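The structure appears below as C-alpha cells.
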Protein chains: 2
Amino acid sequence: MVPKAARAASLRHTDPGEVRLQEALDAVADPVRRSILRTLAGEPDFSRACGTFDLPVSKATASHHFTVLRAAGLLEQVDQGPRRLNRLRRAEFDARFPGLLALVLGESEGERDQAG
Amino acid sequence: MVPKAARAASLRHTDPGEVRLQEALDAVADPVRRSILRTLAGEPDFSRACGTFDLPVSKATASHHFTVLRAAGLLEQVDQGPRRLNRLRRAEFDARFPGLLALVLGESEGERDQAG
DNA sequence: AAAAGTGTACGATGGCAATCGAACAGCTCA
DNA sequence: TGAGCTGTTCGATTGCCATCGTACACTTTT
C-alpha cells in the first residue's frame with residue numbers, strides 16, 4: 001500500500017533565523033495571535049492542542065492564526081493523533097528578534113482591554 | 001487682534017509611557033514608518049523636517065505616517081517656521097518597550113527588499 | 001463502516017488602513 | 001499683499017487581512 005500523504009504534509013515550519021522583521025511584526029501585531037502566544041507561554045511544551053485555546057474567533061479563523069504564527073517562526077507543531085500540539089519557540093525566536101517576544105508575553109491584561 | 005490658533009495646536013504628543021503595545025506594534029509594522037525611524041536615527045535630533053525624507057508615498061500619506069508615529073510616542077516634533085522638525089524618542093520609547101526600537105533600527109537593507 | 005472529534009482548505013465577505021489629489025492653513029520673504 | 005514653501009485636512013478609493021460557514025481530511029473508537 002502506498003504511504004499516506006500524512007496530514008503532517010501541510011506542516012511546514014519556518015526557521016526563525018530566516019524570518020524577516022516585517023513578517024514577525026505582522027504576526028505579532030494581531031491581538032488574537034498574541035493571546036495564543038501568551039497562553040502557550042504559560043503551559044509546558046506540546047501540552048496544548050489548537051482547539052484548547054479560548055479564542056473569540058471561529059475554528060477556521062483560529063486555524064489561520066496558527067498557520068501565520070508557525071510561518072513566522074513563532075511556534076512548532078507536532079501531530080498527535082487527531083490533535084496538533086504546540087510549542088512556543090522561545091529561545092529561537094528571541095535569538096532572531098531579541099526582546100520582541102518578551103514584550104508580547106509581558107503584556108498585561110490592563111494594557112490589552114480598550115481596543116483601538 | 002486675537003492670537004492665532006497657532007499651527008502647533010495640532011501637535012499633540014503622546015507620552016511613551018502611556019502607549020499600549022497594540023499601538024506601538026501597529027505603528028512599527030508599516031515599512032514606510034520604519035524607514036522614517038531609521039532615517040531619523042542616523043541624524044542629529046531635530047535636524048530633519050518632514051519634507052526631507054525620501055519616501056515612496058505622496059505628501060499627504062507621509063503626513064499621515066508622521067502623525068501615527070507621534071501618536072505612538074515614537075517621535076517628538078517642533079515647528080520651526082514653516083517646517084516641522086523631528087526627533088526620535090529613543091530613550092523614552094525604549095524604556096517603555098525595551099528592544100523594539102532596536103529591532104527596527106537594526107533592520108538591514110537586505111532584510112527589507114522582498115516585500116511580503 | 002460509521003460516528004465523533006480535531007483541524008485544514010476553500011470561497012466569499014466586511015472593515016480598516018494606506019493611499020491619493022485637491023484644498024486649505026501658516027510661515028517667510030519680496 | 002502676493003508668491004512660494006511646508007505641512008495638514010478632507011473626501012474618496014483601493015487593497016489587504018481577519019473573519020466566517022461549509023466542506024473536506026485524518027484519527028480514533030465503536
Side-chain angles (χ1 to χ4, degrees), chain A residues 1-13 22-36 40 46-72 75-86 115-116, chain B residues 1-13 22-36 40 46-72 75-86 115-116:
Chain A
M1 129 196 210
V2 176
K4 282 178 261 192
R7 173 151 150 280
S10 65
L11 257 188
R12 275 177 230 287
H13 284 85
Q22 182 68 66
E23 195 174 6
L25 291 176
D26 285 342
V28 139
D30 184 280
V32 174
R33 289 196 281 265
R34 286 202 305 281
S35 161
I36 291 174
L40 223 38
F46 298 120
S47 64
R48 280 278 200 162
C50 297
T52 70
F53 290 73
D54 186 27
L55 302 175
V57 294
S58 74
K59 193 171 57 161
T61 300
S63 179
H64 164 67
H65 285 310
F66 279 99
T67 300
V68 171
L69 288 173
R70 198 180 60 228
L75 47 88
E76 180 185 354
Q77 300 181 306
V78 296
D79 289 335
Q80 185 197 56
R83 306 205 192 84
R84 186 155 281 187
L85 303 180
N86 299 275
Chain B
M1 135 192 209
V2 176
K4 281 178 263 199
R7 171 151 152 280
S10 65
L11 256 188
R12 274 177 232 286
H13 284 86
Q22 181 68 66
E23 195 175 5
L25 290 176
D26 285 341
V28 141
D30 184 280
V32 174
R33 289 196 281 266
R34 287 201 305 280
S35 160
I36 292 175
L40 223 39
F46 298 120
S47 65
R48 279 276 200 163
C50 297
T52 69
F53 291 73
D54 187 24
L55 302 175
V57 295
S58 73
K59 191 172 56 160
T61 299
S63 179
H64 163 68
H65 285 310
F66 279 100
T67 299
V68 171
L69 288 174
R70 199 179 61 228
L75 48 87
E76 181 186 354
Q77 300 182 307
V78 295
D79 289 335
Q80 186 197 57
R83 308 207 192 85
R84 187 156 280 188
L85 303 180
N86 299 275

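Note on naming: letters A, B, ... go to the chains in the order of the sequence lines (proteins, then strands), and numbering restarts at 1 for each one. It should be emphasised that the depicted structure is a prediction, and the values quoted were computed from it without experimental measurement. No hydrogens, no waters, no symmetry mates; every other heavy atom, side chains included, goes into these values.
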Could you check how far [atom1] of [X] sits from [atom2] of [N], rounded to whole Å?
X	N	atom1	atom2	result
B/N86	D/dT6	CG	P	14 Å
A/L25	D/dC17	CG	C1'	16 Å
A/L55	C/dT6	CG	C1'	15 Å
B/L11	D/dT6	CG	P	18 Å
A/D30	D/dT19	CG	P	6 Å
B/L85	C/dG26	CG	C1'	15 Å
B/R48	D/dT6	CZ	C1'	15 Å
B/D79	C/dT28	CG	P	10 Å

Go through it in stages, so that I can follow the logic: the residues are B/V78 and B/R84, the test is side chain to side chain contact (heavy atoms under 4.5 Å, CB included), and I'd like the CA-CA distance, side-chain angles, deciding distance and then a yes or no.
CA-CA 6 Å; B/V78 295; B/R84 187 156 280 188; over 6 Å; no
The side chain of [X] lies closest to which of these nucleotides: [options]?
X	options	value
B/V57	D/dA23, D/dT6, C/dC20	C/dC20
B/K59	D/dG7, C/dG7, C/dT6	D/dG7
A/A60	D/dT19, C/dA18, C/dA9	C/dA9

Answer yes or no: is there a side-chain heavy-atom contact under 4.5 Å between [X] and [Y]?
X	Y	value
A/S35	A/L55	yes
B/L85	B/R48	no
A/F46	A/E76	yes

Heavy-atom contacts under 4.0 Å between residues 61-68 of chain A and DNA chain C, which residues?
A/S63
Quick one, A/R34 with B/L25, criterion side chain to side chain contact (heavy atoms under 4.5 Å, CB included). Give me CA distance, side-chain angles, the key distance, then yes/no.
CA-CA 11 Å; A/R34 286 202 305 281; B/L25 290 176; 3.8 Å; yes
Does a side-chain N or O from B/R84 land closer than 4.0 Å to OP1 or OP2 of D/dT8, or not?
yes
B/R83 side chain N/O closer than 4.0 Å to the phosphate oxygens (OP1, OP2) of C/dT28?
no
My understanding is that only residues two or more places apart in sequence, or in another chain, count here; which of them pass side chain to side chain donor-acceptor pair (under 3.5 Å) with A/Q77?
A/R70, A/N86
What donor-acceptor contacts under 3.5 angstrom involve side-chain atoms of residues 59-67 of chain B, with partners at least two apart or in another chain?
from	atom 1	to	atom 2	distance (Å)
B/T61	OG1	B/S58	OG	3.2
B/H65	ND1	B/R33	NH1	3.0
B/T67	OG1	B/S63	O	3.1

With sugar-phosphate meaning primed atoms plus P, OP1 and OP2, does B/D26 contact a base, only sugar-phosphate, or nothing at under 4.0 Å between heavy atoms?
nothing
